[in-house]
Structure formats: structure tokens, C-alpha cells
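Here the structure is a predicted model, which is why all the values come from computation and not from measurement.
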Amino acid sequence: MEFGLTDDQQLFQQTTRKFLEDTCPLDTVRKIAEEQPEGFDRTWWRRGAELGWVSMLVAEGHGGGSVSGDGLSDLALVAEEAGRLVAPGPLIPTNVVAAALSRSGMPEHVGYLADLVGGEIVAAWCPPEFSVGSGVARRPEGGVRATAQGSRGGGFVLDGTTVPVEAGAQADLLLVTARTADGLAQFVVPSGAVGLSAQPTESIDLVRRFATLRFDGVEVAADSVVGEPGRADDDVQRQLHDAVVLQCFEMVGAVDRVFSFTIEYAEDRYSFGRPLVSYQALKHRFADMKMWLEASHATAGAAARAVDSGSPVADELVSVAKSYIGDHGPFILQECVQLHGGIGVTWDHDLHLYLRRVVQDRTQFGTPRDHRDRIAAGMDIGHE
């Protein structure tokens with residue numbers, strides 16, 4: 001994201017890029033995938049937190065603060081740089097949870113923010129399931145698997161399972177969406193709660209870790225509720241906006257990087273005495289990809305600004321960004337694989353690292369079709 005960046009934002013972006021290039025190049029990412037069960041290094045994560053990676057969506061009164069005053073747009077710069085190097089770490093879920101706790105402003109939860117902002121702990125967000133026909137965007141209760149019932153002590157008892165949750169087994173703190181008799185509610189649950197178990201699930205991303213969480217009579221206190229019990233729909237919706245915008249910027253960062261080194265390859269690779277990039281048919285393909293890439297930058301930026309400003313069309317623009325980037329991002333990467341020829345499908349080449357990340361992001365928090373359904377629902381038209 002480059003359009004309209006302030007000097008401070010540019011400095012923040014450059015600092016983040018240099019830190020990632022110095023501490024987590026792609027060789028390190030491959031090593032982490034093979035040797036780190038958690039998928040990231042805790043010490044490295046704390047160093048990233050010192051740069052402000054978990055402070056942008058947290059109010060200044062809670063120990064946070066952003067670069068420009070538009071926290072999501074600032075944090076999107078980190079997500080974009082993370083996409084450029086397929087960086088590890090629970091950037092999206094930890095920030096979604098930190099933002100939710102800061103917005104609630106409840107004294108019982110604010111105490112967690114210092115450790116989240118400082119990188120001492122990480123968090124996982126357990127959202128509703130987003131699938132075709134579930135109506136999660138406008139009726140989040142449609143995709144919730146976990147339930148919460150009042151207990152004799154005034155608290156709640158959680159039962160059920162979640163969809164695969166990023167960093168579900170690695171997180172120190174969980175933000176869980178559950179259905180109550182009065183509607184949706186969200187709960188802060190420590191990872192060590194009695195009756196809570198995590199079952200790791202497969203992920204095509206080499207350094208992303210996911211787990212299905214099971215709640216078997218997990219008892220939580222009344223003050224674990226975030227917001228007002230039974231009325232968490234709007235909160236879940238805002239969390240979805242934060243997550244999808246960051247996800248879109250991560251995909252754009254990954255695609256932009258692959259497109260750049262594919263052009264470099266086509267300039268250096270000769271066929272029949274001419275560089276590949278000189279062939280007219282390939283020029284057309286590069287032109288199409290460049291157009292789709294710039295449109296992806298634009299739609300992601302528009303969504304971030306809309307969410308930051310509280311625009312009434314934020315919901316629509318978020319879904320526009322996810323549906324567009326989710327479709328065109330993987331297609332551009334597949335084109336780049338083809339343009340690399342045989343080497344593009346090897347394990348040793350870095351292309352598959354980016355393709356894995358983008359395909360993973362494409363399906364999480366709603367597929368492009370799901371988000372087109374959301375747009376159609378808002379316009380009261382059918383989807384084809």
C-alpha cells in the first residue's frame with residue numbers, strides 16, 4: 001500500500017521490511033517450518049511487538065497507539081510486508097483479539113492488553129463459521145458451533161467445538177464466540193482452562209498452525225464476557241472486518257513480490273535468443289496481471305480506509321476486496337508459476353511458499369463466493 005502514505009507511515013513500513021528481511025528471510029521461514037512446532041519463535045515475536053505490531057488497534061489509554069491515527073491502515077502495512085516474505089506469527093488473530101478487548105474497555109480484560117501489546121502472550125480468535133448459505137455476515141449466529149449456558153455461580157459453561165482456529169493450540173488467550181439463549185456472546189478464555197482441548201489440523205501454509213478447539217463443560221466467570229451477553233453480533237462483524245482487511249493486504253503483499261521476481265526472471269531467461277519478456281504474447285499476460293495487481297492494491301486500501309473511518313459502506317467494501325483479491329491473487333500466482341516453467345513447480349523454488357499462503361488466506365474468513373453472497377444480500381439480489 002503506497003498511495004497517500006505519510007512520512008511516518010513510510011518510515012514504519014521501511015523499518016518493518018528491514019526487520020523482516022534481516023530476521024526472517026525465506027530460508028528462515030523454511031527452517032521454522034521444519035523445526036518450530038509452534039510455527040514461530042516467541043523471542044522474534046516480542047521483537048516485532050516492540051516495533052508496534054500489536055499496538056495499532058489498541059487505544060492509547062490501554063497502552064497502544066498508531067502511526068497516523070488510522071490504526072487498521074497502519075497495521076495493514078505490517079500485513080503487506082509479512083505477505084512479501086511469507087512471515088510466520090499470529091499477526092491477524094492476536095490483533096483482532098487485542099482490538100476487541102480494547103474496544104470493550106472492560107477493566108477485567110484491559111489487563112491482558114499490556115502483555116499482548118508487549119508480545120509476551122499471543123491470542124487466537126474463535127469466530128463463527130463462515131460458509132455459503134450460513135449468513136454469518138448479517139446473522140453471525142448461523143455459523144456458531146459453541147454454546148454457552150449460565151451456571152449456578154453466575155458464570156457460564158461452554159460446550160461444543162470451533163472451526164479450525166489459527167494459533168488455536170499456541171495461543172495463551174482465546175476470544176470465543178458462542179451462542180446463548182439470548183443471542184451471541186463472546187468470552188475471554190485462558191488456554192489452560194479445564195475442559196478445553198486442541199486438536200491440530202492440517203494447513204497448506206508451512207508456518208501457519210491451526211487447531212480445532214473443543215469445549216467440554218468449560219466454566220468461565222461472569223466477567224469473562226466481552227461486551228453485553230447476547231448482543232455480540234456487531235462486535236463479531238467489526239472483528240471480521242479487521243481480519244479480512246489484514247488478510248487482503250497480506251495476499252496483496254505476497255502477489256506483488258511474486259510478480260516482481262517473475263518479471264526479473266523473464267528479463268533474464270532467454271528462449272530462442274530472446275528474453276522471455278520480449279515476446280508479445282507474454283507482454284499481454286504481464287499487462288493483465290499488472291492491472292489486476294493494481295486493482296487489488298486499490299480495493300484493499302479502500303476497504304481499510306472505510307473501516308478506519310466507520311463508513312456505512314465498510315461492510316460492502318471489505319467483501320469487495322476479499323472477493324476480488326481472493327479470485328485474482330491465486331490466478332496471478334498460477335500465471336507466474338507457468339511463466340517460470342518447470343522450475344516453478346519445484347520444492348526448492350520459493351513460488352510455492354507464496355501460493356500456499358495466498359490460497360490459505362483465500363479460504364479463511366469466507367471465500368470469494370461467500371463474500372459475493374454478502375454483497376448480493378446487501379443489495380437484495382440473488383447470486384449467480
Looking at Lys18 and Asp22, does any basic side-chain N land under 4.0 Å from a carboxylate oxygen?
-> yes
Honestly, is Arg274 close enough over Tyr279, meaning NZ or CZ under 6.0 Å from the six-membered ring centre and within 45° of the axis?
-> yes
Could you tell me whether Glu38 and Arg208 have a side-chain N and a carboxylate O separated by less than 4.0 Å?
-> no
Chi angles and distances behind the side chain to side chain contact (heavy atoms under 4.5 Å, CB included) call for Leu213, Phe215 = CA-CA 7 Å; Leu213 304 179; Phe215 300 86; 4.1 Å; yes
Answer yes or no: is there an ion pair linking Asp205 with Arg357, defined by an N-O contact shorter than 4.0 Å?
-> yes
Do the charged groups of Lys290 and Glu294 touch, with an N to O distance under 4.0 Å?
-> yes
Do the side chains of Leu246 and Leu317 join up, straight or via other hydrophobic residues, at under 4.5 Å, putting them in one cluster?
-> no
Quick one: do Asp242 and Arg238 make a salt bridge, cutoff under 4.0 Å?
-> yes
Inspect the contact between Arg356 and Asp361 and indicate whether a charged nitrogen and a carboxylate oxygen are less than 4.0 angstrom apart.
-> no
Verdict with supporting geometry, Val110 and Leu101, side chain to side chain contact (heavy atoms under 4.5 Å, CB included) | CA-CA 7 Å; Val110 169; Leu101 298 185; over 6 Å; no
Under 3.5 Å side-chain donor-acceptor pair for Thr212 and Gln199 | no
So, do Trp292 and Phe331 have ring centers that fall under 6.0 Å from each other?
-> yes
Are any of the side-chain nitrogens in Arg84 or Glu80 under 4.0 Å away from the carboxylate oxygens of its partner?
-> no
Charged N to carboxylate O below 4.0 Å: is that the case for Asp182 and Arg231?
-> no
Side chain to side chain contact (heavy atoms under 4.5 Å, CB included) evaluation trace for Arg42 with Arg46 | CA-CA 6 Å; Arg42 293 265 179 167; Arg46 285 192 290 271; 4.1 Å; yes
Does a donor on one side chain sit under 3.5 Å from an acceptor on the other, for Gln360 and Ser203?
-> yes
Side-chain heavy atoms of Leu276 within contact of Tyr270, under 4.5 Å | no
So, Phe19 versus Trp53, ring centres under 6.0 angstrom or not?
-> yes
Under-4.0 Å salt bridge between Arg374 and Asp315 | yes
With a 4.0 Å cut-off, would you call Arg362 and Asp327 a salt bridge?
-> yes
From CA spacing to verdict: side chain to side chain donor-acceptor pair (under 3.5 Å), Asp256, His297 = CA-CA 9 Å; Asp256 199 327; His297 277 288; 2.8 Å; yes
Between Asp308 and Ser73: side-chain donor-acceptor atoms closer than 3.5 Å = yes
Please test Asp370 against Arg372 for salt bridge (Lys or Arg N to Asp or Glu O under 4.0 Å), starting from the C-alpha separation and ending with a verdict.
-> CA-CA 5 Å; Asp370 295 331; Arg372 285 193 291 271; over 6 Å; no
Compute whether any side-chain donor of one residue and acceptor of the other, for Ser68 and Asp74, lie under 3.5 angstrom apart.
-> yes
